[in-house]
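Down below is the structure, laid out as C-alpha cells.
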Amino acid sequence: MPFETPTLVDAYFMDGLLLLTCIVLRYGNTVPKTSLPRQVLNYTTSEAGNPIVDGWYADPDTAIYEGKHWIFPTSSYDYDEQTYLDAFSSPDLINWTKHPNILTVKDVAWAKYAVWAPAPAFRNGKYYLYFGANDLQEDEAKRGVVGGIGVAVADKPQGPYVDAIGKPLIGNYSTFPGAQPIDQDVFIDDDGRAYIYYGGHKHANVAKLNKSMTELDKFEDGTEFKEITPFDYVEGPQMLKRQGKYYLMWSAGGWTGPDYRVSYLMADSPLGPFLNKTGNLILQQDSAVARGSGHNGIIHIPNTDIYYITYHRRPLGETDGNHRVLCYDRLYFNEDGSIEPIKMLVKDNFADGNMYGWKTYGKVLDGVRVTEKKLEVKSDGEESVIVALDTNFADQTYDATVHLTEGSNSTTANAGLLFRVENVSLGLASVKGYYAGLSNAGRVLFTKFSDGKPETTVFVENVTIAAGVEHHVRVRAIGQSISLYVDDVESPVLRVNDTTYVHGANGVMALDGVARFGNVSISEVV
Ligand SMILES: *[C@@H]1O[C@H](CO)[C@@H](O)[C@H](O)[C@H]1NC(C)=O
Ligand SMILES: *[C@@H]1O[C@H](CO)[C@@H](O)[C@H](O)[C@H]1NC(C)=O
Ligand SMILES: *[C@@H]1O[C@H](CO)[C@@H](O)[C@H](O)[C@H]1NC(C)=O
Ligand SMILES: *[C@@H]1O[C@H](CO)[C@@H](O)[C@H](O)[C@H]1NC(C)=O
Ligand SMILES: *[C@@H]1O[C@H](CO)[C@@H](O)[C@H](O)[C@H]1NC(C)=O
Ligand SMILES: *[C@@H]1O[C@H](CO)[C@@H](O)[C@H](O)[C@H]1NC(C)=O
Ligand SMILES: *[C@@H]1O[C@H](CO)[C@@H](O)[C@H](O)[C@H]1NC(C)=O
Ligand SMILES: *[C@@H]1O[C@H](CO)[C@@H](O)[C@H](O)[C@H]1NC(C)=O
Ligand SMILES: *[C@@H]1O[C@H](CO)[C@@H](O)[C@H](O)[C@H]1NC(C)=O
Ligand SMILES: *[C@@H]1O[C@H](CO)[C@@H](O)[C@H](O)[C@H]1NC(C)=O
C-alpha cells in the first residue's frame with residue numbers, strides 16, 4: 001500500500017523508525033489513526049466478495065492497529081474445538097492476512113473450551129484481548145465453577161496473548177440475574193473512560209474498566225455493574241460513538257436460527273438509557289443471500305464518515321449452526337444520526353485473488369482459478385464447468401464481464417451467466433435454470449436447462465461476439481420477463497418470457513474453452 005510523502009506520522013511503521021513507534025504507542029491510548037494509508041477505503045460492500053476469509057468464523061470485532069484493519073473472530077468449529085483464536089489483518093479491507101492461534105487455551109490456565117467473541121483494545125502501550133471461556137452457566141457459577149470473561153495482553157496485535165490476571169475478570173453472574181459472562185465489547189470513550197459491555201442469555205450489563213484495563217472500576221454510586229438490557233436483546237453488544245452519540249448494537253434471535261439479527265439504540269451517554277427500550281432493526285437474513293446474519297463489529301475509516309458493519313452469517317445451503325462466515329457491508333447513517341437498514345450486497349471483483357463463496361461443479365482439468373482479478377474457468381470441451389454462488393435470487397439484475405479467451409477457438413466454445421439455477425449441487429446432470437451465454441460462433445444465446453440438458457435455446461445473431469474481447473453481460477429477470485444485455489445496458493439484445501424457473505442460484509459456466517469472468521454483481525429488483 002503506497003504511502004504519500006512520508007511525514008513522521010505516516011512513517012511510524014516504516015523500517016528504521018520502530019523505536020519512535022514504540023515511544024509513541026507506549027504513551028498513546030489509541031494507535032495514531034493517521035498511520036493508515038491515505039487511500040480512502042470507499043466501498044459499497046466487500047467488493048472482492050463475501051465471505052472475506054476462508055473458514056468458519058463468527059462474532060467479528062475490529063481494531064485499527066499498526067496502520068491496518070484487524071478482525072478478531074470466534075473460531076466457529078465444533079464446540080470442543082473452540083479452543084483458540086485466529087485474527088486477520090488488512091491494509092485495504094480486500095487482502096486479509098491470517099494470524100493463527102493468537103490465543104489458545106494453553107495460554108490461559110482456567111480456560112478449557114468455548115473461547116468466544118474476542119474484543120480488542122489498545123492502551124498503556126499494550127494490546128488487550130477480552131474473551132469469553134468455558135460457557136459458564138448460572139448454576140455452575142453458584143457451584144464455584146470457573147469461567148466467564150478473561151483478559152489477555154500482548155505486545156503486538158497478533159500476539160502471542162497471555163492471560164493478564166490468571167482468573168476471569170468477570171467470573172459470575174454479578175449483581176444481576178441472568179447475564180451470562182460472555183460476548184464482551186470494550187469501548188474507550190474520548191474522555192479516556194473505558195467500559196466493558198457484555199452478556200448472554202438475554203441480559204446485558206455494562207461495567208467500567210480502570211486504567212489498568214485488567215480490573216473493574218466502580219460507578220459513582222458505588223456499584224460495579226449496571227443492567228442495560230434493551231427489549232429483544234439476546235447477546236453480542238457493541239458500542240459505537242459517532243458525532244457525540246452513543247450507539248448500542250446487539251444481536252437478537254437464536255444464534256443457530258435463520259432470524260439472528262442486529263438492532264441498535266442511540267443515546268447521549270455510554271450508559272444509555274437502553275434498559276427495556278425497543279431497538280431498531282438494521283441487519284437481518286435475506287432469503288436470496290444468507291441466513292442468521294448477526295453479532296456485529298464496526299469498521300470506521302478514520303477522518304471520514306465511512307463505516308462498515310462486520311458480522312457473521314450462514315450460507316443458505318448450510319444447516320450446521322457453526323457454519324458461519326465473516327462478512328462486511330457498508331453502514332450508512334441518515335441526517336438525523338439514525339442508521340439505514342443494511343443491505344447484504346452480492347459482489348465479487350476478485351481483487352483479493354480468491355473465490356471464497358464460489359463452488360465448482362463439473363469435470364475440471366486444469367482447474368478453476370482467480371487470475372488478474374478474473375475468475376478463470378477452463379472446460380475441456382466434453383463437459384461444461386459451472387462455478388456457482390450459494391444465492392437464491394428471484395427478481396434480479398445480474399452483471400458480470402465475460403471473456404472467452406483467444407485460445408477458445410472451437411466453434412462450440414461458449415461462456416456466460418447462470419441464474420435461477422436449482423440443484424447444481426446434485427451434479428451437472430441435475431441442473432435446472434437459465435443460461436445467458438456468449439458463443440465463439442459470434443452470437444449470444446439464451447438457454448433453458450432441464451436436468452442438465454439444454455431444453456430450448458434462442459440465438460441472437462445480430463450481436464458480434466469475439467473471442468479475446470471482454471463483454472459486459474447483464475441479465476434482468478423480473479417475474480416471467482427476462483432481458484439480456486451485452487455491452488449496451490440500455491437496450492436488451494433479447495427479451496423472452498418464461499415462467500419455468502422462478503428463483504435459484506447464480507453462477508458462471510464455460511463449455512469447450514477458457515473463459516474469464518469479472519466484476520460480478522447481483523442485486524434484487526424490488
Ligand atoms: C465514495 O464514493 C462515492 C461514489 O463514487 C462518492 O460519491 C463519494 O464522494 C466517495 N466518498 C469519499 C469519502 O471518498
Ligand atoms: C496480500 O498481502 C500479502 C501479505 O502482506 C502479500 O504477500 C500479497 O502480495 C498481498 N496480495 C495482494 C493481492 O495484494
Ligand atoms: C462476583 O460478583 C461480585 C459482585 O460484583 C464480586 O464482588 C465477586 O468478586 C465476583 N466473583 C467472581 C468469582 O468473579
Ligand atoms: C484499578 O482498580 C483497582 C481496584 O479498585 C485498584 O486497586 C487499582 O489501583 C486500580 N488501578 C488503576 C491503575 O487505577
Ligand atoms: C424492565 O423490564 C423488566 C421485565 O419486563 C421489568 O421487570 C423491569 O422492572 C423493567 N425495568 C424498568 C426500569 O423499566
Ligand atoms: C486454438 O487455435 C490455436 C492456433 O490455431 C491452437 O494452437 C489451439 O490449440 C486452439 N485451441 C483450442 C482450445 O482449440
Ligand atoms: C432439486 O432437488 C431436490 C432434492 O433432490 C428436489 O426435491 C427438487 O424437486 C429439485 N428441484 C427441481 C427444480 O427439480
Ligand atoms: C438485433 O435484433 C433485435 C431483434 O430483431 C433488435 O431488437 C435489436 O435492436 C438488434 N440489435 C442490433 C444491435 O442490431
Ligand atoms: C412477454 O409478456 C408480456 C406481458 O404478457 C407481453 O407484453 C410481451 O409482449 C411478451 N414478450 C415477449 C417477448 O413475448
Ligand atoms: C470493473 O469494475 C471496476 C471498478 O468499478 C472498473 O474500474 C472496471 O473498469 C470494471 N471492469 C470492467 C471490465 O467492467
Side-chain angles (χ1 to χ4, degrees), residues 1 4 33-34 36-48 64 69 92-94 173-179 199 201-206 219 221 223 225-234 237 242-243 248 250 252 263 265 267 269 271-279 298-309 328-335 340 343 345 347 349 351 395 399 420 434 436 444-448 456-463 475-486 491-502 519 521 523 525:
M1 189 52 52
E4 291 186 353
K33 289 171 175 172
T34 40
L36 274 177
R38 287 279 173 79
Q39 177 208 354
V40 176
L41 306 180
N42 183 10
Y43 313 126
T44 60
T45 178
S46 169
E47 316 242 0
I64 295 174
H69 291 277
D92 51 13
L93 305 179
I94 295 171
Y173 277 65
S174 75
T175 53
F176 297 100
H201 293 171
K202 303 187 178 176
H203 289 272
N205 287 347
V206 59
F219 291 104
D221 62 6
T223 60
F225 300 96
K226 292 200 179 296
E227 186 181 9
I228 52 162
T229 312
F231 178 74
D232 214 20
Y233 175 93
V234 172
R242 175 183 173 270
Q243 296 181 2
L248 180 70
W250 66 89
S263 294
L265 279 168
S269 148
L271 305 180
F274 303 120
L275 184 64
N276 287 0
K277 285 185 169 285
T278 302
I298 296 290
I299 291 171
H300 176 219
I301 307 302
N303 310 316
T304 74
D305 198 31
I306 298 174
Y307 291 82
Y308 300 94
I309 183 167
Y328 71 83
D329 269 289
R330 184 78 174 256
L331 183 146
Y332 296 96
F333 289 88
N334 297 311
E335 287 279 300
E340 278 277 301
K343 188 89 192 143
L345 296 182
K347 292 192 177 184
N349 62 18
D395 291 353
D399 284 283
R420 292 187 181 170
Y434 300 117
V444 175
L445 55 105
F446 172 73
T447 302
K448 179 159 81 174
T456 54
T457 297
V458 181
F459 293 99
V460 182
E461 306 284 359
N462 63 353
V463 181
V475 169
R476 260 175 87 77
I478 302 165
Q480 62 164 18
S481 162
I482 296 166
S483 307
L484 305 189
Y485 304 77
V486 178
S491 27
V493 298
L494 178 67
R495 275 183 206 275
V496 291
N497 285 336
D498 195 275
T499 55
T500 317
Y501 303 116
V502 176
N519 276 8
S521 172
S523 57
V525 177

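Start at 1 and go down the list; that is how both ligands and their atoms are numbered. Fair warning: this is a prediction, and the values are worked out from it, not measured in the lab.
Across every non-hydrogen atom of P273 and A267, the tightest pair is N-CB, 4.2 Å. Counting all heavy atoms, side chain and backbone alike, N205 lies closest to E227 at OD1-CA, 3.5 Å.
For ligand 9, the polar-atom distance check against N497 finds a nitrogen or oxygen pair separated by under 3.5 Å.
By the definition of a contact as any protein heavy atom under 4.0 Å away, atom 7 (O) of ligand 5 is not in contact. Per-atom contact check: atom 11 (N) of ligand 5 touches the protein, criterion being a heavy-atom distance below 4.0 Å. Atom 4 (C) of ligand 5 lies below 4.0 Å from none of the non-hydrogen atoms of the protein. Checking atom 1 (C) of ligand 1 against the protein gives a heavy-atom contact under 4.0 Å.
Against a heavy-atom cut-off of under 4.0 Å, L275 is close to the following atoms of ligand 5: 13 (C). Under a 4.0 Å criterion applied to the non-hydrogen atoms of R495, ligand 9 contributes the atoms 13 (C).
Looking at T45 and D329, their side chains do bring a donor and an acceptor atom within 3.5 Å of each other. Residues K347 and T44 bring a donor and an acceptor atom of their side chains to less than 3.5 Å of each other. No hydrogens or angles considered: a donor-acceptor pair under 3.5 Å links the side chains of Y434 and D498.
Of the protein's heavy atoms, I306 CD1, 3.8 Å lies nearest to atom 13 (C) of ligand 1. Atom 14 (O) of ligand 5 has its closest protein heavy atom at N276 ND2, 3.1 Å.
At least one test fails for K202 against the ring of Y233: distance under 6.0 Å to the centre or angle within 45° of the axis. Cation-pi geometry between R476 and Y485 is not satisfied (NZ or CZ under 6.0 Å from the ring centre, within 45° of the ring normal).
Under 4.0 Å from ligand 1, the heavy atoms of N42 that appear belong solely to its side chain.
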